[in-house]
*Asks:* 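A single structure is presented below for examination.
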Amino acid sequence: MKRTPVYGMMAEFDSPTTLVAAAHRTHEAGYQKVDAYSPFPIEGLAEAVGFHKNRVPLVTLIGGLVGGLSGYLLQYWISTSSYPVNVGGKPYHSWPAFIIVTFEMTILFAGISAVFGMLALNGLPMPYHPVFNVPRFAFATKDRFFLIVFASDPKYSPAETRRFLESLGGRAISEVPD
Amino acid sequence: MKTEDENGKRRREEVCPGKKSTLDLDAARARIADTKGPEFWRSLEELAGSPEWQEMMHREFPKGASEWLDSVSRRGFLKLMGASLAMAGMTACTKQPLEPIVPYVRQPEELVPGRPMFYATAFTLGGYASPLLVESHMYRPTKIEGNDKHPASLGGTDIFAQASILEMYDPDRSQTINNLGEVRTWGNFLEAIRGPLSAQQAVQGAGIRILTPTVSSPTLADQMRELLKIYPQAKWHVYEPVNRDNVLEGAKLAFGQPVETHYKLENADVIVSLDADFLSAGFPGNVRYIREFAKRRDPDSVKMSRLYVVESATSSTGAKADHRLPMRAGEIEQVAELLSKFLEQGHPSDVFSSQREKFAAAVANDLRAHRGSSVVIVGDHQPPIVHALAHSINQALGNVGKTVFYTDPVDANPINQTASIKDLVADMRAGKVDMLVIIDGNPAYDAPADLNFADALKSTNVPVRIHLGLYQDETAELCQWHINKAHYLEAWGDARAYDGTVSIVQPLIAPLYNGKSAHELVAILAGQADPSSHEVVQSYWKKQHPGADFEMFWRKSLNDGWVESTAFAPKQVSIRPLPSISAPTSPGAQNAIEINFRRDPSIHDGRFSNNGWLQELPKPMSKMTWDNPVLVGPAMAERLGLKSEDMIEIELYGKKLTAPVWVQAGHPDNSITVFLGYGRRRAGRVGTGAGFDFYPLRQSATAWVATGVNIAKTGETYKLATTQGYQTMDTPVGQRPLVRTASLDEYHKEPEFAKEEEPPKDLTLYKPYPYEKEPYAWGMAIDLNACVGCNNCIVACQSENNIAVVGKEQVVLGRHMHWLRVDAYYQGDRDNPKAYFQPVPCMQCENAPCEVVCPVGATVHSSEGLNDMVYNRCVGTRYCSNNCPYKVRRFNFLLFQDWETPQLKMMRNPDVTVRSRGVMEKCTYCVQRISEHRIDSEREDRKIQDGELQTACQQSCPANAIVFGNINDPNSGVSKLKSNPRNYSLLADLNTRPRTTYLAEIRNPSEELGS
Amino acid sequence: MDERIGQTEAGRAPVMEPGYTFGTVTDKISSIVLTRPTSNGWFLGFGVAFLLTMMMLYAIAYLFVKGVGIWGVTIPIGWGFAIINFVWWIGIGHAGTLISAILLLLRQSWRNSINRFAEAMTLFAVSAAGIFPLIHVGRPWLAYWLFPYPNSMGVWPQFRSPLIWDVFAVSTYATISLLFWFVGLVPDLATLRDRSTNRAAKIVYGILALGWRGSARHWDRYETAYLLLAGLATPLVLSVHTVVSFDFAVGIVPGWHTTIFPPYFVAGAIYSGFAMVLMLAIPIRKLYGLEDFITELHLQNAAKVMLATGLIVAYGYVIEAFMGWYSGNRYDAFTLWNRLHGPYRWEYYALLLCNIVIPQVLWIRKLRSRPIALFSVSLVVLVGMWLERFIIVVVSLHRDFLTSSWGMYYPTRWDWMTYIGTIGMFLAAMFLFVRLLPMISIFEMRTLLPEAEVKE
Amino acid sequence: MQIFHRSTNTISRATIYGAVFLIAALLWAVLELQRSPYITYAKVARPQPVPFSHQHHVAGLGIDCRYCHTSVETSSFAGIPPTKTCMNCHSQIWTGAPLLEPVRESFRSGKSLVWTRVNDLPDFVYFNHSIHINKGVGCNTCHGPVDRMPLMYNENSLQMEWCLDCHRDPAKNLRPREQVFNMRYEPPSSLKPLTLDGKEYTDQMSLGTDLVKKYKLRTVTDITSCSTCHR
C-alpha cells in the first residue's frame, strides 16, 4: 500500500453487530479502502468491507493436483523405466498398489498449499503493522472491534472521515500513524 | 593374490566383511604365533570365565537378556566383539577405507588367483575312511565334498566329514606342545623322551604301552609292527568308546575269525534291521548304503524294497521303515531267535502269543520269499549272539555273495577294545607301565567307568605320559606331555574305507600350529630321525609298490583319491554251530528299566563336541540341539508323570546323576536312551559344559545296554533347545497336507494322489512373468521317499554359505540360522508312530509373498526365477519373514558372525557375502555356484549341462534326494522329477508357485502286517 | 453457529456454562498459560514423565548397540512390541484430527472446547508412534532408504510394500496435523501476544502469531483454509489407519489376510483415541477448573462416540470369527481355534472383556456423566486396544502354516522399557503443551457466546 | 503497541520462504558429496610403496596388460603380479635404481610388497573380469586411459549407478574381442570406420548392437538382476 505519514483513521466498536453495520454504512458511503478487525471471525464482515475474491480454494486445488500427479508419475517412472524389477511376479506397472501413495501425496500438497497459500495471500507473517501503533488495538484480540479507513482511500480526509466515523457510533477514534 | 582384509568390518557396508578374506596364510599363522600360542585364546577364555567378566556381562546384558551369560561360555569370543562391531557398522556406512593388496613374491604355477582347486583326501572315523574332494581357495580348504568316483562315497558325505572343516579351523584346537602346562618345542620333546626310550631298549620296551583308536591306516599299522619289533615287550592297546567289539565277537562266534561284513542293499528286496541304524552317520559305509537303499525305494522305476526295523530307540532308519517294532534292546535277541526259528520251521498257526511273534513270523515269511535277495543287519551294540544269529540267517537264506559280503577286517588290529583297555589299566595299576603314549584318544573322559582310567592315570605312577591330540582335553590334562596333533587336512596319512579301499590322506594346508601326526610320533618312538608324515607315508607305499612307475602310481592315487585294487576280496567263511539258545531273560529283568548308551547322532562319542555346526545340528528325530536329554517313551513318561524338560535322577549300580527328560514318540516302553559325548569339561569354548555326561554310568560289562536303572523326578526343569515347533501335522481343526504319503498299492491305484488341486495360472489380475523365454529357469525337486533325514544337507549348506552358529539360548528363542532345515513329523500311534522327513529350503516362489512386502526391494526376483536376497540392501524390517508361509528366512537378530577370529575368516567361502547384524538371509539355490557355472559356460560359448551345476545340499546328499536344475529344459533331471505323478508343491493352495517341489512319500507295507 | 448458551434443548447439558463474556473467556483460558509461577504439581508430573523419557532413550541406545535381538522378536514372530505400540499410538492419534476436522464439518460446536488439546494429543501420539518403525528395523541407520531419493546405487523403494505406504501415510498425517494445529493456534497466539505482560513472552508469542491482527479479509481466507484443511484431513485420517491395517491385510498370514481390517481398524482407532481424550480431559478440567468449558455435554458425547465405535469394533471381531469358521479354510479356522484355546487365549479373553464387555456400561446415562467412571472405562479401553494389536501381531504370527515352524513370543525388559518410555514422552509433551499454549481454542470459544451473533 | 520493528516483516518472510530453498540446497549438496571423489577416490592417485608407472610400462614399453594381470581372461580376479614378474626385467635393468629397492628387498626377503588397492569394490559386490573381457568390454572402458597414468588411480566412481549405466545398455561400450586390450582403441566413426566380419561400421551403436548379438550377451533384464553382482 502507498506510504503516507498517516496510515488511516480507526474507530472502535464494542459488538460485532455494530461493527458489521458500521462497515456496511462506510462502504455505502463510498469508502473503498476500508478494513475491519475482530477477535473472532464474523459472518458477512468481509463482504461488508468489500472483500469478494478469495483465492485459497484455487491454490489448494492446484497444490492437490500437482501432488497427486507427481506422486503417481514418480512411482510409474521408478517401477517401469528407472529400474524395473520382477517383484513377486507382479507387473512393473502395478497401478493398484500405487494408488495409496498418490492419494497421500495429493493430500499432503493440497494441505501445505492451503496453509501457506492462505498466509501468503494474507501477507503474513507481518509482525510489524501500523495498526499496532494504536494502543487500544491490543483489545482487537480480546473483546473489541475496530473499523479503519485507509489514508490511501481517495475519499479520505482527516476531518471528514473522523466526523463520518463518529456518526457511526465509533468510539475512541484516532488517526493511525504510519 | 592374497588380500589381507583386516579392516573388512569397517567397510562401507557391514554385511560384507571377511568375504574376500583370502587371507595370507603365512601372515595369519604369524599373527596366531605372534600372540604366543595359547595365551591368545586362553586369555579370552579366562576373560570369559573371570568374575570381572561375568560382572561386566551383567552390567552389559542385564538379567532377562540372560541368554548372554551362557553365550559367553559358549561363544564368548564372538559375543565379545558384538558391541564394537555393531557400532562400527552404524558409524561407518559412508566411506570405504583404503585397502591393502598383497601379491605373492613367487606365485605357484598351478594357481589361478580367484579360482578354487579341488584335492582328493579322506576323513576317518572309527578307522573307516570317507573319501573326499576338498575345495581350496588360495590354498585354504573351504568346503568338503564327497569323492564322486569312490565306491564308498559316490559324491555323498556324512555330517562328520562335512563338519570336519570347521574342526580344522577351530581356534580352540591345541596349538602348542605342552609339558606340565608349560609351552615347549618339538625339540624339547625329542630330548625329553630320548632317555626313557633308551632305558626301554634294555628291557625290550616292557614298559611301553601305546593306546590308539581303531587304526585302519596301513602305514600306521606297519609302523606299529616295526615298533613292536624293536620293543617286543611293548604293548599296543586299542580303545574307542564307540567300538565294534560285539560285531567282532559275533563274527568269531559264527566263523571263528574276525571278518568285516558289508552289504549290497541295491540287491536287497527285503531288509531286516535288528537295531541297526545303518542309514545314519557313524555306521560304517552308511553313505554308500544310503545311496543303494534310496535307489531301491523308488516306486516308479524298480521293484521297491521293504524295510523291517526292530529297534530299541528311535532312529532315522526306523523312521524309514515300512514296519517298525519298538523293543527293549535286551529283548531283540529273542526276536532274532524267533526269526531263525520261524525261518526253519515256519510259524505253526496263525494265532500269535505276542506282537513280536506276529512280527517275527511275518518277517520270516517275507524273508523266505526272498532268498538271496534279502538281508538281516544287526546294530553294533547288540550282543555277539545276535550278530551270530544274523550271520547264520543270512547264510541260510543264501544271501552271502548277493547282498552280504565278508572280507578281512578293515581294523588293522582287530582286538576286543574293552578287554584291551582293561588290560592297560590293570598294567598301569600294577605299575608295569613306564611310558604311556596315548595317540588321539580321550580315555580319561570316555573309558568305561568301572576302570576309572583318569584315576589310574593320576594316581598310579606312570613316569612318562604322552598325549597326542587335537585338543588339550581331559586326558591331555593328566599327561605330562601333550603334543598338538595335526588335523587330517594338515598332514599326510592313509586309511581304509568300509570295503577296504585305501585312500591316501593328503593335506590341504600346512599345519596351522605346526601340529604333529601319529605317523611322525610313532616314527620318533621307533627311533627314526624325525621324518615328515609325507616321507613316512610315501616310503611305506614305495615298499608296497616298488618299481620305476612309483611316481605315476603315487600321482594317480592322489588324483583318484584311492589306491588301485586295495579293496578287500570277498572272503569265503563257513558258519559254525551256534551255542544253544540262551534262556529267555528272567521276568525280573523284564520289568527292570533298561538304559541304552548310544553314540550321539551329532557329536558321536564326544570328539566333535567343540564343533559348533554339529552342536547346533538338530538330531534327526527330536530336533534337539546343544543337549542330550534322556529319551523316554510316552507310555513310560505318563506312568512316571514325566514331561519333557523335567529333570530326573538316574541311578545305576549305585552311581547317580541328574539329567533332563525328552519324551520321544516311538521309544520302547520301560527303557531309556542316553546319548554319549556331552558334559565335556575341557572341550573348548563351544563344547565345554554343554549337555550331560553319561560315561560315569557306563560299565565295561554293560557298555551299550544295562538294566536295573532307577529313575526319580527331582522337580526341577531344564530348558532344552529344539529347532522344530511341533512335530505333528494334525491340528485340532484338521490335518495339514504337508508331507503327503501313500502305500505302494494306493499309489498304483491312484498315482495322482499327491496333487492337491493347484490354482489355475490365470487366477490373478496380472499376467505371469515369461520365465519360459529365459535360457534357464532354476528349480528343485526333493524326493521325500529317498530322504533318510541324515542332516548332511544342513551341514553342507552351512559350510557353503558361511552360516553362523548362534548358541543354545538363541536356538531356544527360535533364532537358529539354518537356511535348510529337515522337518520331522510323526503320525499315528504315539508309541510306534510313522515318521517322515521333509527338507525345507527356500521354495523360490514365483509369486513370492516375501518380495511384495519388502519396502526397499532387498528381495526381488531374478530373470531366472531365483528369489534373490540382496543382503547389502536389506534394512531388516523382517516383514518378508512374517509373510513367508514356509518360514525359511533367517534373521541376524544380533551379531552372530565371528568377524575377528583369523582362522574362521580363513574358512569362509569367499564367494558368499558374510551377513552381519540386522540383515535377513536365506537359501538362494547357491546362486554363487550358478553364477560361476554360467560365466564359465558362457566363456566356453555353451549352455550349462544338466548335473554339472549342483547346489551344496544336492551335491552332498548321499541319497540323491535333492535334484536341482533347469526346468526350462524338459530333459533335465529336475524336469523329469517334476513331471512325476508324485510331484506336489507345499501349500500349493496359497498360489505361491514354488520352484521347489516335493515327491510324495510311498511306503511298502506287507499284506501280512498291513500298513 | 447452531448451539448457543441457554438455547440447548431440554435435559441436555450446555456446551458452555452461562455468564461468560468475550473478556472473561479470554482471560480464563489465557491466564492458565500466563500466570507465574508454575505450580509444583506441574513440575512433579513433568519430572516423572521426563525420567520415563530418559529410560526410553537408554533402551533405544542399547538397542542400537546390540541389535533388535535384545527384544523378544524371533522367527516366526518377526514383529513384536514395536509394531504393536506403533499401531496403538497411531490409533490414539486419530481422535484429534477426527474431532477437529470431521466434527467441524459436521458443525458440532461442542468440539470447540476440546479440539485444541485433542490435536496436540494427536501430534504427540503420532511422534511416539513414529519412533517404532524407525527403531524396529535391523539396521536403523539405513532407514532413510525407505524414502525415494536419487542415490548413487540407482535403486529406489519398492512401492508395492505396505511399509512404504506407511511412510507416506504417516508422514503426511503428521505434517497435516501439525499445520492444522498451528493454523488453529495463530489467532490465540496473537491474543497471548497482546495479553502477556512479560517482554520475552510478547516477542515469542508475537513471532509465532505471525503478526495476526484479525482483519476481516484475513478471517475470511483463514476460515476457508481451515475448512479446506478439515475437508482434506477427514479422508486422510480415514486413510491412515486403513493403510496401517494394510500392513497386515496385505500379508498372507492367517489372521492378517482379511478385508474387514480397514474399517475396523479405523473404528478401533477412534475408539482408543476418544478414550485417550477423556483420560486427558477429565483430569485437566478438574485441575485447571475448566468444568465450565469442558462440560458434562462433552463427556456425554465422547462417551457416546466410544460406545458407537466400540460396537463397530465388536462387529469386526464377530465377522473375523465368523469368516474363520465360514471360509472353511483350514488355516483361518485354526487361527480362530488358536485364539480361543491357544497359549495366548487369556490375552484374547482379556481383550474381549476390555473392548466389548466393560464399555457396555456406557449405555447408562448416569455413568457417562461420572468423570471417575469414564476415566476408568477409558483406561480399560486403551488396554483392550493394545491387547487387540497384540493378538493381531503376535498370536497370528506364532502359529501360521507349517506346524514345524510354530513358536512362542516372550517380551523382554527392553520391550517394556521402550513402550513405557514412549508413554512418558507423550505425557512430558502434554505437560509442556498445557503450560505454554492455550489448551482450549479461545477464539472459537468466543464464537459460542450469544453476543457473538450479528443481529440484523 | 508495536512489539517489532518494521524490518522484521521482511526478515520473517525471508526466513520462512528462504528456508525452503536452503533445505533443498543442503540435500543437493549431500547427494553431490556422495558421488564426489572424496567418497569414491575417482581420479585420486593412491600412495604406493613403489611409484609404479603404467604410463611408462604400457605406453612406453608397450607391455601387454596380460603380462602382469595374468588371470584376467580366466578368472574373476585379474591378478596382480608377484615380485618375480617385476624381477624378470629388473634383475637386468635398473638393477641399482633406489626407487626399486622395495622390490628387490621383497625378492630377497620373500616378504610380499604391500600395495594399496586402487580399483576396490565393496565385498558384497562380485565382479568377474573374465566374462567382461570375453564379451568385448575393453580394459580402458572401466579403468580409463591406464597408459596415460604415471600413478594409478581409478577412472570411474565404481558406484552401482555407474555399473548399471553400462549393464542397462551394453551396446554403447562393446568392442571386438581382439580390441579389448588395445589401450588406444577408438570407437568407429565416419572418419575412422571399423570393419568386422566384412561389415563396415561408422558408429558405435550399430557396432555395439551387432556385438551384443555376436557375443550372445544376456538380456538387460538378466544382467540387471540383483544376483548378477550380489550373492
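Treat the numbers as computed from the prediction; the structure is a model and nothing was measured. Throughout, protein chains are lettered first and strands after them, A, B, ... in sequence-line order, and every chain is numbered starting at 1.
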*Asks:* With only heavy atoms counted, which part of C:Thr26 is less than 4.5 Å from chain A, the side chain, the backbone, both or neither?
*Replies:* side chain
*Asks:* Could you check which of A:Leu121, A:Thr18, A:Val85 has the highest count of heavy-atom pairs closer than 4.5 Å to chain C?
*Replies:* A:Leu121
*Asks:* Would a 4.5 Å heavy-atom cut-off, applied to side chains only, mark C:Tyr173 and A:Ile107 as touching?
*Replies:* no
*Asks:* When heavy-atom pairs shorter than 4.5 Å are enumerated against chain A, which of C:Thr191, C:Thr21, C:Leu236 gives the highest number?
*Replies:* C:Thr191
*Asks:* Hey, are the side chains of A:Met118 and C:Val183 touching, using non-hydrogen atoms and a 4.5 Å cut-off?
*Replies:* yes
*Asks:* Can you tell which part of A:Ile148 gets under 4.5 Å to a heavy atom of chain C, answering side chain, backbone, both or neither?
*Replies:* neither
*Asks:* Heavy-atom pairs under 4.5 Å with chain C are the metric here; pick the option from A:Ala23, A:Ala140, A:Ala48, A:Pro41 that has the most.
*Replies:* A:Pro41
*Asks:* Heavy-atom pairs under 4.5 Å with chain A are the metric here; pick the option from C:Trp212, C:Phe443, C:Trp165, C:Tyr222 that has the most.
*Replies:* C:Trp165
*Asks:* Which bit of A:Val131 comes within less than 4.5 Å of chain C, counting heavy atoms only: side chain, backbone, both or neither?
*Replies:* side chain
*Asks:* With heavy-atom distances below 4.5 Å as the criterion, would you say the side chains of A:Tyr83 and C:Val155 are in contact?
*Replies:* yes
*Asks:* Is the closest side-chain heavy-atom distance between A:Pro39 and C:Phe22 below 4.5 Å?
*Replies:* no
*Asks:* Taking side chain as everything from C-beta outward and backbone as N, CA, C, O, which of these in C:Ser215 sits under 4.5 Å from a heavy atom of chain A? Side chain, backbone, both or neither.
*Replies:* both
*Asks:* Just wondering, do C:Arg213 and A:Phe146 contact through their side chains at under 4.5 Å, heavy atoms?
*Replies:* no
*Asks:* Heavy-atom distance under 4.5 Å to chain A: side chain of C:Phe246, backbone, both or neither?
*Replies:* side chain
*Asks:* Let's test your reading of the structure: which of C:Asp27, C:Ile164, C:Val167 forms the most heavy-atom pairs below 4.5 Å with chain A?
*Replies:* C:Asp27
*Asks:* According to the interplanar angle, ranging from 0 to 90°, do the rings of C:Phe159 and A:Phe98 count as parallel (below 30°), tilted (30 to 60°) or perpendicular (above 60°)?
*Replies:* perpendicular
*Asks:* Side-chain contact, heavy-atom cut-off 4.5 Å: A:Lys142 with C:Ile442?
*Replies:* no
*Asks:* Under a 4.5 Å cutoff for heavy-atom pairs, which residue among A:Pro96, A:Ala21, A:Gly44, A:Pro125 has the most contacts with chain C?
*Replies:* A:Pro125
*Asks:* Which bit of A:Phe145 comes within less than 4.5 Å of chain C, counting heavy atoms only: side chain, backbone, both or neither?
*Replies:* side chain
*Asks:* Non-hydrogen atoms of chain A under 4.5 Å away: do they reach the side chain of C:Leu232, the backbone, both or neither?
*Replies:* both
*Asks:* Can you tell which part of A:Tyr128 gets under 4.5 Å to a heavy atom of chain C, answering side chain, backbone, both or neither?
*Replies:* neither
*Asks:* Checking heavy atoms, do the side chain of C:Gln158, its backbone, both or neither come under 4.5 Å from chain A?
*Replies:* side chain
*Asks:* With a 4.0 Å cut-off on N to O distance, would you call A:Asp35 and C:Arg217 a salt bridge?
*Replies:* yes
*Asks:* Pick one of side chain, backbone, both or neither for A:Trp77, based on which atoms fall under 4.5 Å of a heavy atom in chain C.
*Replies:* side chain
*Asks:* Looking at chain C, which one of A:Asn122, A:Val115, A:Leu108 has the largest number of heavy-atom pairs inside 4.5 Å, strictly under?
*Replies:* A:Asn122
*Asks:* Going from OG1 on C:Thr224 to CG on A:Leu58, what distance comes out if it is rounded to the nearest 0.5 angstrom?
*Replies:* 12.5 Å
*Asks:* Under 4.5 Å from any heavy atom of chain A, what part of C:Pro235 do you find: side chain, backbone, both or neither?
*Replies:* both
*Asks:* If I measure from the heavy atoms of chain C, does A:Leu74 come under 4.5 Å with its side chain, its backbone, both, or neither?
*Replies:* side chain
*Asks:* Can you find a side-chain donor-acceptor pair between A:Ser15 and C:Glu451 that sits under 3.5 Å?
*Replies:* no
*Asks:* For A:Phe116, which atoms come within 4.5 Å of any heavy atom of chain C: side chain, backbone, both, or neither?
*Replies:* side chain
